[in-house]
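Before we start, here is the structure in question, set down as structure tokens.
Start at 1 and go down the list; that is how both ligands and their atoms are numbered. It should be emphasised that the depicted structure is a prediction, and the values quoted were computed from it without experimental measurement.
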Amino acid sequence: MDAVSNPYSPGAGARPPALVGRDELIDAMDVSLQRLLKGRNGRSQMLTGRRGVGKTVMLNEFEILAESRGFFHEHLEVSEDGDLALRLAAAVRRVLLAMDARKRIGERVTRALGVLKAFSLCLPNGPEIYIDVDAVFGPADSGHLATDLSGLFVELGEVARDHGTGVLLTIDELHYVSRLVLDALVTGLHRAAQLQLPIIVAGAGLPSLATLTGEAKSYAQRVFTFPIVGSLAPSQAREALTVPAADDGVHWDEGALDEVLRLTDGYPYFLQEFAKQAWNIAAGPDRITEQDVRWSLPIATAELDDGFFRVRTGRTTDAERMYLRAIAECGPGPARSGEVAKLLGKASTALGPTRDSVIKKALCYSPRYGEVDFTVPMFDAFMKRWIPDFTVSSETYSREPVIVETL
Ligand SMILES: Nc1ncnc2c1ncn2[C@@H]1O[C@H](COP(=O)(O)OP(=O)(O)O)[C@@H](O)[C@H]1O
Ligand SMILES: [Mg+2]
């Protein structure tokens, strides 16, 4: 059928044509935003889940919601360097300048910018942020990040409150930050909440983020809820496929829906990719059949391999790839580190550094002590497509993996 009118949207952060199954999260955020504007507490959200489940999409949704409620908003994305403080400082600067531009605040913003300047001067690369006011020392420049973030959030929160607005910060890929920095963020928000200031954060990260916050969780739970974002239930997954098609007068056969659900397990990214390819391949004019889904399978798989799976493996070493391949050999779900080591003919301890590096690269996480799992759903099947032969010997481990480019 006509690719131009294809409604489906595989892609990182791409808004789905039908956003299903997330009403509770959106409603909770809306309640928080409205409460904050009334000088009450509103809880922030820390979304965790594997790749491709729709976390970034939710952050974008929160942004739209916040703007409709008259909030100011900034989006931050943490990268592998884990630096949050500098990015936060830059975001706060943008928010203050935007508030000033829209509300003509003047002196109070100049002071807040001064506090921000003193805050940023304490950071390693802080002087990079250009702030054209005199630094105001005292509230946020002790050099202790938790204290200083508290001081900064109070400044920002007061300016927002005094001008009848609030601030939403969305922070993506939050699993890259260290415990220390995450604790500082929680402390800063906690301080703002104590003073009933209208600052709210929506964070998103891989499941390791939940473990990272685990130890400080009881404290963090005062300011954050921790929703887990996962695959869609069958009825929701069907809706995600049928609603956008129906808008165009296109009908999905029952068998076609069943097949897509079976192949994707209800994971949002996969749903969008399979639906897109089935649509393109269908003869139509207004129907997608089970056979269409079958025919589109190799194309959808190849698209996922290139656009979703392989991008994650770009910078892996041979040893890391074989480690990932061995996890895949253990089948779906978490693998025991000991079993992975056995498959590679090595001692667990010898594989420690490899395990740590695939975790640091966010390809894997440790759901429980002694276990390791992929952060990407269905990654085991991908690894098997990529490196079909896995011979159990230490010799295999040191040789170049066979890279199969076609399915
Ligand atoms: N609730 C949903 N219903 C249908 N599709 C969704 C939903 N949430 C996300 N998607 C789709 O899933 C894909 C991945 O979303 P994204 O937000 O990038 O995931 P994550 O940030 O968790 O890796 C996108 O193609 C998006 O259109
Ligand atoms: Mg994302």
After noting the C-alpha distance and the side-chain angles of Thr313 and Arg321, does the key distance pass the side-chain hydrogen bond (donor to acceptor under 3.5 Å, both in side chains) rule? CA-CA 8 Å; Thr313 58; Arg321 281 197 288 270; over 6 Å; no
Gap between atom NZ of Lys55 and atom OG1 of Thr170 - 0.5 Å precision: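 It is 14.0 Å, given to the nearest 0.5 Å.
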Heavy atoms only: which of Pro268, Ala275, Ala240, Pro377 lies closest to atom 12 (O) of ligand 1?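 Selected option, by shortest heavy-atom distance: Pro268.
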What I want to check is whether the side chains of Thr56 and Asp172 have a donor and an acceptor closer together than 3.5 Å.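 Yes - a donor-acceptor pair under 3.5 Å links their side chains.
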Going by heavy atoms, is Ala18 under 4.0 Å from ligand 1?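 The answer is yes: ligand 1 sits under 4.0 Å from a heavy atom of Ala18.
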Could you identify the single nearest non-hydrogen protein atom to atom 17 (O) of ligand 1 and state the distance to 0.1 Å?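 Of the protein heavy atoms, Val57 N, 2.8 Å lies nearest.
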Could you grab the protein N, O or S atoms closer than 2.8 Å to the Mg ion (ligand 2) for me?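 Only Thr56 OG1 fall inside 2.8 Å of the Mg ion (ligand 2).
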Only distances under 3.5 Å count here; give the side-chain donor-acceptor pairs of residues 9-18 to other protein atoms, sequence neighbours excluded, each with its distance to 0.1 Å.
residue	atom	partner	partner atom	Å
Ser9	OG	Arg15	O	3.2
Arg15	NE	Glu61	OE1	3.2
Arg15	NH2	Glu61	OE1	3.3
Arg15	NH2	Glu61	OE2	2.8

Is it true that atom CZ of Arg312 has more than 12 heavy atoms of other residues, nucleotides or ligands lying nearer than 6.0 Å?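 Correct, the count exceeds 12.
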Closest to atom 5 (N) of ligand 1 among Gln236, Lys55, Gln272 (heavy-atom distance):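 Closest candidate by heavy-atom distance is Gln272.
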Quick check: do Asn125 and Glu128 have side-chain heavy atoms less than 4.5 Å from each other?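 Side chain of Asn125 against side chain of Glu128, heavy atoms only: contact under 4.5 Å found.
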Which pair of non-hydrogen atoms, one from Arg111 and one from Pro139, has the smallest distance, and what is that distance?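 The pair with the smallest heavy-atom distance is NH2-CG, 3.7 Å.
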At a 4.0 Å threshold, what atoms of ligand 1 neighbour a non-hydrogen atom of Ala12?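 Answer for ligand 1: 18 (O).
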Please state whether Gly52 comes within less than 4.0 angstrom of ligand 1, counting heavy atoms only.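 Gly52: in contact with ligand 1 (<4.0 Å).
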Do Leu19 and ligand 1 have an N or O pair less than 3.5 Å apart?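 In this structure, Leu19 places no N or O atom under 3.5 Å from an N or O of ligand 1.
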Can you tell me how the ring of Trp252 sits relative to the ring of Tyr8, calling it parallel under 30°, perpendicular over 60° and tilted otherwise?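 Geometry flag for Tyr8 against Trp252: perpendicular rings.
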Determine the sole option in Val243, Leu232, Asp258, Val260 for which the side-chain contact (heavy atoms from CB on, under 4.5 Å) test with Arg238 is passed.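 For Arg238, the side-chain contact (heavy atoms from CB on, under 4.5 Å) check succeeds only for Asp258.
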Mark up the atoms of ligand 1 that fall under 4.0 Å of a heavy atom belonging to Arg51, in ascending order.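 In order of numbering, the contacting atoms are 23 (O).
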At less than 4.0 angstrom from any non-hydrogen atom of Tyr269, what atoms of ligand 1 do you find?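 Those atoms are 12 (O), 13 (C), 14 (C).
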Counting neighbours of NZ on Lys360 that are heavy atoms of other residues, nucleotides or ligands and sit closer than 6.0 Å, is the number greater than 12?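 Result for NZ/Lys360: open.
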Who's the nearest protein heavy-atom neighbour of atom 7 (C) of ligand 1, and how far?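 Of every protein heavy atom, Pro16 CG, 3.7 Å lies nearest to atom 7 (C) of ligand 1.
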Of all the atoms in ligand 1, which lie at a distance below 4.0 Å from a heavy atom belonging to Ala14?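 Taking each heavy atom of Ala14 in turn, ligand 1 has 24 (C), 26 (C), 27 (O) under 4.0 Å.
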Can you tell me which residue and heavy atom of the protein come closest to atom 24 (C) of ligand 1, and the distance to 0.1 Å?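 Its nearest protein heavy-atom neighbour is Gly11 O, 3.1 Å.
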Between Phe308 and Arg51, is there a side-chain heavy-atom distance shorter than 4.5 Å?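 In short, these two side chains touch, coming nearer than 4.5 Å.
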Among all protein heavy atoms, pick out the one at the shortest distance from atom 18 (O) of ligand 1; state its residue, atom name and that distance to 0.1 Å.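 The closest heavy atom on the protein side is Gly13 N, 2.5 Å.
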Could you list the atoms of ligand 1 found under 4.0 angstrom from a heavy atom of Arg22?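 That gives atoms 1 (N) of ligand 1.
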Residue, atom name and distance, where the atom is the protein heavy atom closest to atom 25 (O) of ligand 1: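 Protein heavy atom with the smallest distance to atom 25 (O) of ligand 1: Ser9 O, 2.6 Å.
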Would you please classify the geometry between the Phe382 ring and the Trp386 ring as parallel, tilted or perpendicular, with 30° and 60° separating the classes?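 The arrangement is parallel - the two ring planes meet at less than 30°.
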Arg50 near ligand 1 by a heavy-atom separation under 4.0 Å: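 Distance cut 4.0 Å: Arg50 passes for ligand 1.
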Is there side-chain contact between Leu297 and Thr301, with at least one heavy-atom pair below 4.5 Å?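 When only atoms from C-beta onward are counted, Thr301 and Leu297 do touch, with a gap below 4.5 Å.
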N/O of Leu232 under 3.5 Å from N/O of ligand 1, yes or no?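 Checking ligand 1 against Leu232, no N or O pair falls under 3.5 Å apart.
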Of the choices Gly49, Ala204, Gly54, which has the non-hydrogen atom that lies closest to atom 8 (N) of ligand 1?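 Looking at heavy atoms only, Gly54 sits closest to atom 8 (N) of ligand 1.
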Whether over 12 other heavy atoms sit under 6.0 Å from Ile228 CD1: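 Incorrect, the count does not exceed 12.
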Main-chain N/O of Leu37 paired with Arg161 side-chain donor or acceptor, under 3.5 Å: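 It does not hold such a pair.
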Quick check on Val20 - does any of its heavy atoms sit under 4.0 Å from an atom of ligand 1?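 It does; at least one heavy atom falls under 4.0 Å.
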